[in-house]
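First the structure, in the form of structure tokens, and then the observations on it.
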Amino acid sequence: MEPITTFSGKAVAVAINDIDTDQIIPARWLKVTDKSGLADGLFEAWRYLADGTPNPDFPLNRPAAAGASVLVAGRNFGCGSSREHAPWALQGYGFKAVIAPSFADIFRGNSLKIGLLPIVIDEETYHELLSHIAEDPETTVSVDLPNQRLVLPGGRAVSFPIDSFARHCLVHGVDQLGFIQQQDEAIAAYEAATPDPVNTLRPAVAG
Amino acid sequence: MSQPKTLFDKVWDAHLVRPETADTPAVLYIDLHLIHEVTSPQAFTELRQRGLRVRRPDRTLATMDHSTPTTPRNALGIIPVIDPQAIAQLDQLRANCAEFGIPLYELGSANQGIVHVIGPEQGLTQPGMTIVCGDSHTSTHGAFGALAFGIGTSEVGHVLATQCLLQYRPQTCAVRVDGRLQPGVTAKDIILAIIARYGVGGGTGHVFEYMGEAIRALSMEERMTICNMSIEGGARAGMVAPDDTTFAYVAGRPYAPQGAAFETAVARWRQLPSDEGAVFDKAMDLDASTLAPMITYGTNPGMGIPIDAPIPTPEQLPDAASRQALDKAMAYMGLEPGKPLLGHKVDMVFIGSCTNSRISDLRQVAAFLKGRKVAEGVRVMVVPGSQQVKRQAEAEGLDAIFLAAGAEWREAGCSACLGMNDDKVPPGKYAVSTSNRNFEGRQGPGARTMLASPLTAAATAITGVVTDPRTMLS
Ligand code: SF4
């Protein structure tokens, strides 16, 4: 994974609360067996009109939003299914971070694992950011991950929470699986000390 | 005496390979890993790229459920898969399971079904276990007093490779449901009412423990319905303390401990319920005795009302964001604030999904449909949660009741719950559905979903309009 430290990017807002993963990437896109092509399905139902042409009213389709790398959205972003296809689609589209007043738990965890930064801000800052974007569709924000700071247009900086382990992994491009693998001895000791509750290869009675 | 612990604390603590530190999350051991065709392929690719094996194929089980068709079998007894992408996905699961030695319930085979139906059915889901799956409704298994939650594909890879996950300890929330349900009101209505009251983000960061008189009185299948939709309330997991109802359900199932081993296990499971005085981080409550059947009118599961109430008006909502959400939902649903849903015409009724596709759900529906016909012009799909549920229903003659009433009786799978296979609600059409999500497009592009209980779905199937099942109780 590429390390993430600081970056600036154009922000685009989809100012809706409770955006679920079925909106981010509808189920018909989940038939892939790899991660490619998902960006085409991002926000599909909102992004395209019935005839398949881009919906000019959808924020991502406005010319000023071209090249945006930061998505601003309402609270409880990413609720619903555990599909990692949702962060894959956002990342595939070019987003590096999503800024929202809150995130659904599974989405937040999935995003951190692939290097799509979920940035939590308070409602007030969220509304401030929305007005900046409304006034200037080319609005950019900067993110300083090591210092957990988000710099808003106009220069105000707010700090955002992120657990220190996830931050460490992202800043250094370390992947989490490697960390668990280092615990191999402890895992083996746990297994040796704990009886197996089930064995999926061998039912206790014929089913 | 040591600090009183919650059910969650006990299961969590028992699975710590390494506790949380200031700099690192806990390493949590996973007892059972369920996988399916949609969220696993990329994890196996990752494994292969790193040259890793599956650490515990004996703790892993695969099934086919999401992208599979539920069309009746052909003359050869085979369920034909036509969609080339679905074929590729199923082939890949087969190849992955074969390569890594993971048992697989093949499409149409005796034990295949929706991942959250088969675990409990096989006795794999047991009290006190940690269970994960690349699927958010893994919360279902919490009905047994297991800690069960959905994970993403990266984490599927972690569990395949190490049988462990990195996790921070979530907070706990006591959800107390007192009182007794009135006739015609079900477990589904309890959970829809909780979500309507506390919102789709109410449980974020928390594990629910459902407790109270109403929960104790529920069967295991009803408890599963409730725990299933914990995620719709924002909670990654929901749990119910195991009791005699739980033990009786688990007893004798293929993967459950047998004989003396079962008695030993029960003695251990009896230690799991939350201790007197255990502290929860948060609390919610609901009085079951005053509940009416619930139905959703909008595009998230929190937009629910008692079936005899009107859709809320903007003035009744607390803030601008909820008013905006109502507006958007009404436009999508083609409904009007302040109007009743009762009597609204529907085009489809879907009875199925990991929320309500078990034998007791099908029995309830059959009791309503027996000797009646579904309304003209309404497509009614009845989709059993597993092949085992299907066989049981057929042994009881329920299939004959459904077919005589004019409903479809299909093969096991997720079906129209998620608009990923061939079963969909057509654009702009209304469906009363026993599933768990009414998001825009969830049951197919443009589909308009109203979530409700199997009883409400059955009553609606007969009349062709949204119907209060209490008016049809015999
Ligand atoms: S039935 Fe629906 S909610 Fe349940 S696992 Fe299948 S798709 Fe997910």
Side-chain angles (χ1 to χ4, degrees), chain A residues 16-18 20 22-23 26-28 30-35 44-46 50 74-76 79-85 87-88 102-107 109-110 113-114 163-165 168 176-177 179-181 183-184 186-187 189-191 194 196-207, chain B residues 17-18 23-25 27 29 31-32 38-39 41-42 45 57-61 67 85-86 88-89 92 103 111 122 124 126 129 134-136 150-154 157-158 161-164 166 168 200-201 204-205 234 236 254-258 300 321 325 418-420 437 439-442 445:
Chain A
I16 297 171
N17 289 342
D18 304 311
D20 58 80
D22 278 272
Q23 302 323 310
R28 70 180 195 91
L30 309 189
K31 293 185 203 169
V32 295
T33 49
D34 58 13
K35 303 176 187 179
E44 183 184 40
W46 295 345
R75 65 173 178 247
N76 198 28
C79 62
S81 124
S82 64
R83 57 187 74 162
E84 199 161 306
H85 308 68
W88 291 336
S102 62
F103 290 89
D105 292 332
I106 304 179
F107 178 86
N110 286 344
K113 289 197 178 55
I114 65 161
D163 71 81
S164 55
F165 180 73
H168 169 85
Q176 303 198 2
L177 176 54
F179 175 80
I180 315 179
Q181 286 179 293
Q183 315 300 316
D184 192 55
I187 299 170
Y190 178 92
E191 287 176 329
T194 318
D196 287 341
V198 289
N199 180 339
T200 56
L201 297 170
R202 201 157 22 86
V205 291
Chain B
V17 169
R18 208 188 117 142
D23 298 319
T24 53
V27 179
Y29 197 80
D31 288 325
L32 177 66
V38 178
T39 55
Q42 298 86 351
T45 303
D58 59 331
R59 300 294 194 95
T60 314
L61 179 75
S67 58
Q85 277 186 301
Q89 212 166 45
Q92 189 140 108
N111 295 327
Q122 293 298 319
L124 285 162
Q126 295 169 23
M129 285 173 59
D135 193 287
S136 61
I151 57 178
T153 298
S154 294
H158 296 182
T162 69
Q163 205 58 29
C164 289
L166 295 174
Y168 287 97
V200 290
T204 305
R236 202 169 172 185
Y255 290 88
Q258 311 289 325
N300 76 47
L418 90 164
M420 165 155 201
R437 286 184 176 145
F439 298 144
E440 287 183 29
R442 170 74 182 185

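Small disclaimer: the values here were computed from a predicted structure and weren't measured. The chains referred to below are lettered A, B, ... by the order of the sequence lines, with proteins before strands, and numbering in each begins at 1. Note that these values count all heavy atoms, side chains included, but never hydrogens, waters or copies made by symmetry.
When B/S67, B/G234, B/C164 are compared by the number of non-hydrogen pairs under 4.5 Å with chain A, B/C164 comes out ahead. Ranked by heavy-atom pairs under 4.5 Å with chain A, the list B/G157, B/G150, B/A256, B/P257 is led by B/G150. Chain B forms the most heavy-atom pairs under 4.5 Å with one residue out of A/G80, A/A189, A/C79, A/P87, and that residue is A/G80. Of the residues considered (A/Q176, A/R28, A/R202), A/Q176 shows the highest number of contacts with chain B, using heavy-atom pairs under 4.5 Å. Listed options A/D184, A/N17, A/D34 were ranked by heavy-atom pairs under 4.5 angstrom with chain B; first place goes to A/D34. For the options B/T39, B/L32, B/T24, heavy-atom pairs under 4.5 Å to chain A are most numerous at B/T24.
The CG atom of B/L166 sits 6.0 Å away from the CZ atom of A/F179 when rounded to the nearest 0.5 Å. A distance of 10.5 Å separates CG of B/N300 from CD of A/Q23, quoted to the nearest 0.5 Å. Atom OG1 of B/T153 and atom NZ of A/K35 lie 7.5 Å apart (nearest 0.5 Å). A/N199 CG to B/D58 CG: the interatomic distance, rounded to the nearest 0.5 Å, is 5.0 Å. With rounding to the nearest 0.5 Å, the separation of CG in A/D22 from CG in B/L418 is 7.5 Å.
Proximity to chain A is limited to the side chain of B/A161, based on heavy atoms less than 4.5 angstrom apart. Proximity to chain A (any heavy atom under 4.5 Å) is shown, for B/D31, by both the backbone and the side chain. With a threshold of 4.5 angstrom between heavy atoms, A/P197 approaches chain B through its backbone and through its side chain. At a 4.5 Å heavy-atom cutoff, the contact between B/T60 and chain A is made by backbone atoms alone. Contact of A/A45 with chain B is not made at all, since no heavy-atom distance falls under 4.5 Å. Residue B/P445 does not touch chain A at all, counting heavy-atom pairs closer than 4.5 Å. With a threshold of 4.5 angstrom between heavy atoms, B/V27 approaches chain A through side-chain atoms but not through N, CA, C or O. Contact of B/Q126 with chain A is made through the side chain alone, with heavy-atom distances under 4.5 Å. For chain A, the nearby part of B/R437 is the side chain; its heavy atoms alone come within less than 4.5 Å.
Side-chain atoms of A/D105 come within 3.5 Å of backbone atoms of B/G205 as a donor-acceptor pair (strictly under, hydrogens ignored). Between the side chain of B/Y29 and the backbone N or O of A/I187 there is no donor-acceptor pair closer than 3.5 Å. At distances below 3.5 Å, not a single donor-acceptor pair connects side-chain atoms of B/Q122 with backbone N or O atoms of A/T200.
Listed here is the closest heavy atom pair of A/R75 and B/A321: NH2-CB, 4.3 Å. Taking each heavy atom of A/T33 and B/P41 in turn, the nearest pair found is O-CB, 3.8 Å. For the pair A/N110 and B/I151, the tightest heavy-atom approach, listed with the atom from each and the gap, is OD1-C, 4.5 Å. Closest heavy-atom contact between B/G152 and A/E84: C-OE1, 3.3 Å. The two residues A/S82 and B/S136 have their closest heavy-atom pair at OG-N, 3.4 Å. Scanning both residues, B/T162 and A/I180, for their nearest heavy atoms gives OG1-CG2, 3.5 Å.
Considering only heavy atoms from C-beta on, A/E191 stays 4.5 Å or farther from B/V17 through its side chain. The shortest distance between side-chain heavy atoms of B/R59 and A/D196 falls below 4.5 Å. A/K113 is listed as a side-chain neighbour of B/H158, based on a closest heavy-atom distance under 4.5 Å. Counting heavy atoms from C-beta on, the side chains of B/M129 and A/V198 come closer than 4.5 Å. Contact of the B/R236 side chain with the A/I106 side chain is registered, since non-hydrogen atoms from C-beta on lie closer than 4.5 Å. In this structure the side chain of A/H85 reaches within 4.5 angstrom of the side chain of B/Q42, judged on heavy atoms.
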side-chain contact (heavy atoms from CB on, under 4.5 Å) between B/D23 and A/H168: does it pass, once the steps are laid out? CA-CA 9 Å; B/D23 298 319; A/H168 169 85; over 6 Å; no
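By the side chain to side chain contact (heavy atoms under 4.5 Å, CB included) test, A/T194 pairs with A/Y190, sequence neighbours left out.
Under 3.5 Å, the side chains of B/E440 and A/W46 contain a donor-acceptor pair of N or O atoms.
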